[in-house]
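Here is the structure we will look at, set down as structure tokens.
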Amino acid sequence: MRYIEPHAHMVSRVTDDYTKMTLAGCAAVCEPAFWAGFDRSSADGFHDYFCQLTEHEPKRAAKFGLPHFSWLCINPKESEDVKLAEDVIALIPKFLDRPNVLGIGEIGLNKNSRNEMRVLEMHVDLAARHNQLILVHTPHLEDKLKGTRLILDVIRNHKNIQPNRVIIDHVEEHTVKIVLDAGMWAGMTLYPESKCSPPRAVDMLEVYGDERIWMNCACDWGVSDPLAVPKTGLEMKKRGHTAEAIDQVIFQNPLKFLGQCPKFKIAER
Ligand SMILES: [Zn+2]
């Protein structure tokens, strides 16, 4: 099995995770900027985080033979402070030319607040001005459907964003269709305890097909599983999906979306 991990917060993980991912057939890992588990006290904290994502973590990953890519933004959880968000967004352009940066993400909404919406619009505009791919985080639980609709509206209302260059992550059964119908990509985030489990993800694939869909583990500093994607590949195998069908979802699909950024180059084993 070979796969691409399109969404993992590796700065929070130990070296054993890199070893296990490489052994499981991981060909590349992509790391969106996210909440660190605590609020940063200034834009300087984000500057250092962006250096970590674009300089230090790629070097650490390379020691395990894994190409590492990143996405930059101020996450929705810290976007409530609009002044801080403006200062952080002003830092981003100088990082966009770095060789491992794929786009703007993971932006989106957390509590669907007015300030989060304003910062989301600023990020979408930044992506449009710099011709960047977009990776979106959708809120969890009861806020998800409303938040997903609000996010789709913001993206559709920007005339310079092509929907096939946007991935809406953390989709569930009640949001996957509206994302695909909008012409965007849908990401299924696999959680070990709650929300989208591997069997639920395969159920969704069997209902909605495998076009414009990827899977990711989104492993971070909380309870999460860096091997959730290959384990879901095994779940597909158990249910009788062919090796080609599994490869399509966990390797070819992320390769197709991410390959829209010319910097995403990996060896096809
Ligand atoms: Zn994430």
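When a ligand or atom number is given, it counts from 1 through the structure's own listing order.
- Taking backbone and side chain together, His9 holds an N, O or S atom under 2.8 Å from the Zn ion (ligand 1).
- For a distance bound of 2.8 Å, the N, O or S atoms of Asp169 include none lying that close to the Zn ion (ligand 1).
- Side-chain contact, Thr138 with Lys144: a donor N or O sits under 3.5 Å from an acceptor N or O.
- When you scan the N, O or S atoms of Glu106 for the one nearest the Zn ion (ligand 1), you land on OE2.
- Sorted by first then second residue, the salt bridge (Lys or Arg N to Asp or Glu O under 4.0 Å) pairs that include residues 96-116, not counting sequence neighbours, are Glu55-Arg98.
- Counting only distance, with no hydrogens or angles, the side chain of Thr22 and the backbone of Lys20 share no donor-acceptor pair below 3.5 Å.
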Without placing hydrogens or testing angles, list every side-chain donor-acceptor pair under 3.5 Å for residues 117-124, not counting sequence neighbours.
residue, atom, partner, partner atom, Å
His123, ND1, Val119, O, 3.2
His123, NE2, Ile74, N, 3.2

